[in-house]
Amino acid sequence: LVAMLIWSCAPKKEAENSTKNNQSEEPIIIPDFTLMDSNGNEVNLYSILDEGRPVIVDFWALWCVPCIKLLPHLSSLADEHENLRILAISEDSKRQSEKAGEFANEKGWNVTTLYDPTGEIKKLLGVNVIPETFYIKPNREIYFHHYGFEEGEEIEMKEIFNKMIETLNK
């Protein structure tokens, strides 16, 4: 079981440190989803995007060390850009899911912790590795897609986010 947990959190060879920026390709539209947050409220992705807000969707778990290292950086982006919404989708077990929300709150992260208890949204988005991160423009287009996380990658991820914001302001 421990080996399986480590394997599912570690970057896969073909996905190791890979990023995908959809700027020059055909736009990929993220499918809509609704999940419960740590306060028991329904959160709908398209409703947030329809407000004209960019969204970062990040899949994470308490047991995933790279996830725990990435989330503070994403939270900092939300602190810098008040219109940005971070949806941190916990992949923890049903029993651990409450702890994920409490943990994010204790850390003071500026994220909305969501739960995907059946793994339906993970399957819908084809998530294979965590952390797996999507930058979504208000028009529902996936601007950037990143697999895994290593220290230092937050610099490039921030630069890409800022480029996305520039495109929205034009």
Side-chain angles (χ1 to χ4, degrees), residues 4-5 8-9 11-12 15 19-20 22 27-149 154 157 160-161 164-165 168:
M4 199 164 94
L5 289 174
S8 66
C9 187
K12 308 296 184 267
T19 58
K20 185 172 185 180
N22 293 320
I28 298 172
I29 304 302
I30 193 164
D32 192 20
F33 60 82
T34 300
L35 291 172
M36 299 299 281
D37 70 11
S38 57
N39 297 316
N41 301 311
E42 285 190 349
V43 176
N44 177 262
L45 175 62
Y46 278 13
S47 293
I48 298 166
L49 294 170
D50 288 345
E51 295 171 0
R53 300 172 68 147
V55 174
I56 293 178
V57 174
D58 184 64
F59 288 82
W60 73 292
L62 286 169
W63 47 263
C64 172
V65 174
C67 300
I68 302 302
K69 289 181 178 180
L70 173 59
L71 277 168
H73 298 294
L74 297 179
S75 176
S76 291
L77 280 177
D79 291 340
E80 293 172 21
H81 302 273
E82 65 181 41
N83 201 31
L84 171 63
R85 186 92 177 261
I86 309 286
L87 302 181
I89 301 176
S90 172
E91 292 301 309
D92 290 292
S93 69
K94 288 182 183 179
R95 221 181 331 170
Q96 292 285 68
S97 63
E98 279 187 32
K99 290 181 182 178
E102 291 170 8
F103 182 80
N105 288 336
E106 287 170 11
K107 293 289 185 181
W109 293 337
N110 189 358
V111 302
T112 302
T113 304
L114 302 176
Y115 305 116
D116 185 19
T118 63
E120 180 182 341
I121 306 309
K122 185 177 179 179
K123 289 176 195 162
L124 179 69
L125 297 179
V127 171
N128 297 314
V129 177
I130 60 171
E132 194 158 333
T133 310
F134 300 83
Y135 292 7
I136 315 299
K137 293 167 65 173
N139 68 355
R140 303 175 181 174
E141 179 184 337
I142 298 173
Y143 182 83
F144 175 71
H145 184 187
H146 186 80
Y147 308 90
F149 179 74
E154 71 277 4
M157 292 176 78
I160 292 170
F161 179 79
M164 181 180 87
I165 293 301
L168 299 177

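Below, all heavy atoms of this structure are taken into account, side chains as well, without hydrogens, waters or symmetry copies.
- In the model, T133 has a side-chain atom that pairs as donor or acceptor with a side-chain atom of D58 under 3.5 Å.
- Summarising the geometry, atom SG belonging to C64 is positioned 10.5 Å from atom NZ belonging to K69; distances are rounded to the nearest 0.5 Å.
- The heavy-atom pair separating L62 from A100 by the smallest distance is CD1-N, 3.7 Å.
- Across all non-hydrogen atoms, the minimal contact from P54 to L84 is O-CD1, 3.5 Å.
- For the pair L125/P31, a side-chain contact is recorded, criterion being any heavy-atom separation below 4.5 Å from C-beta on.
- Across every non-hydrogen atom of P138 and G52, the tightest pair is CG-O, 3.5 Å.
- Note: E91 CD to E132 CD = 10.0 Å, rounded to the nearest 0.5 Å.
- Residues that satisfy the side-chain contact (heavy atoms from CB on, under 4.5 Å) test with E120, not counting sequence neighbours, are D116, T118.
- With values rounded to the nearest 0.5 angstrom, N110 atom CG is found 5.0 Å from D79 atom CG.
- Although no hydrogens or angles enter the test, the distance criterion places a donor-acceptor pair under 3.5 Å between the side chain of D37 and the main chain of N41.
- Interatomic distance, E154 CD to H146 NE2, rounded to the nearest 0.5 Å: 10.0 Å.
- Looking at F144 and M164, their side chains never come closer than 4.5 Å, going by heavy atoms from C-beta outward.
- Within the 4.5 Å cutoff, the side chain of L35 has no heavy atoms near those of the V43 side chain.
- Counting non-hydrogen atoms of neighbouring residues, nucleotides and ligands closer than 6.0 angstrom, the CD atom of E98 reaches no more than 12 such neighbours.
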**OP:** Would you check, one step at a time, whether the test side-chain contact (heavy atoms from CB on, under 4.5 Å) holds for Y135 with I160?
**Re:** CA-CA 9 Å; Y135 292 7; I160 292 170; 4.3 Å; yes
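- Counting heavy atoms from C-beta on, the side chains of R85 and T112 come closer than 4.5 Å.
- Take E82 and apply the side-chain contact (heavy atoms from CB on, under 4.5 Å) test, not counting sequence neighbours, and it matches no residue.
- For Y147 and H145, the gap between ring centers is short of 6.0 Å.
- Note that the OG1 atom of T113 and the CD1 atom of I89 stand 10.5 Å from one another [nearest 0.5 Å].
- Atoms CD1 and CG, from I86 and L77 in turn, are 6.0 Å apart once rounded to the nearest 0.5 Å.
- Qualifying side-chain contact (heavy atoms from CB on, under 4.5 Å) partners for S47, counting only residues two or more places apart in sequence or in other chains: N44.
- Between F59 and I130 the shortest side-chain heavy-atom distance falls below 4.5 Å.
- I68 is not listed as a side-chain neighbour of W63, based on a closest heavy-atom distance of 4.5 Å or more.
- A heavy-atom distance below 4.5 Å is not found between the side chains of F161 and M157.
- Taking the six-membered ring for Trp, F149 and H73 have ring centres closer than 6.0 Å.
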**OP:** Starting from the C-alpha separation in whole Å, work towards a yes-or-no answer on side-chain contact (heavy atoms from CB on, under 4.5 Å) for F103 and W109.
**Re:** CA-CA 9 Å; F103 182 80; W109 293 337; 3.5 Å; yes
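- The nearest pair of heavy atoms linking G148 to V129 is N-CG1, 4.4 Å.
- Looking only at side-chain heavy atoms (C-beta outward), Y115 and S38 come within less than 4.5 Å of each other.
- Side chain of S75 to main chain of L71: no donor-acceptor pair is present (N/O by atom type, distance under 3.5 Å, no hydrogens or angles).
- Remark: side-chain polar atoms of R53 are paired, donor with acceptor, to backbone N or O of N83 under 3.5 angstrom.
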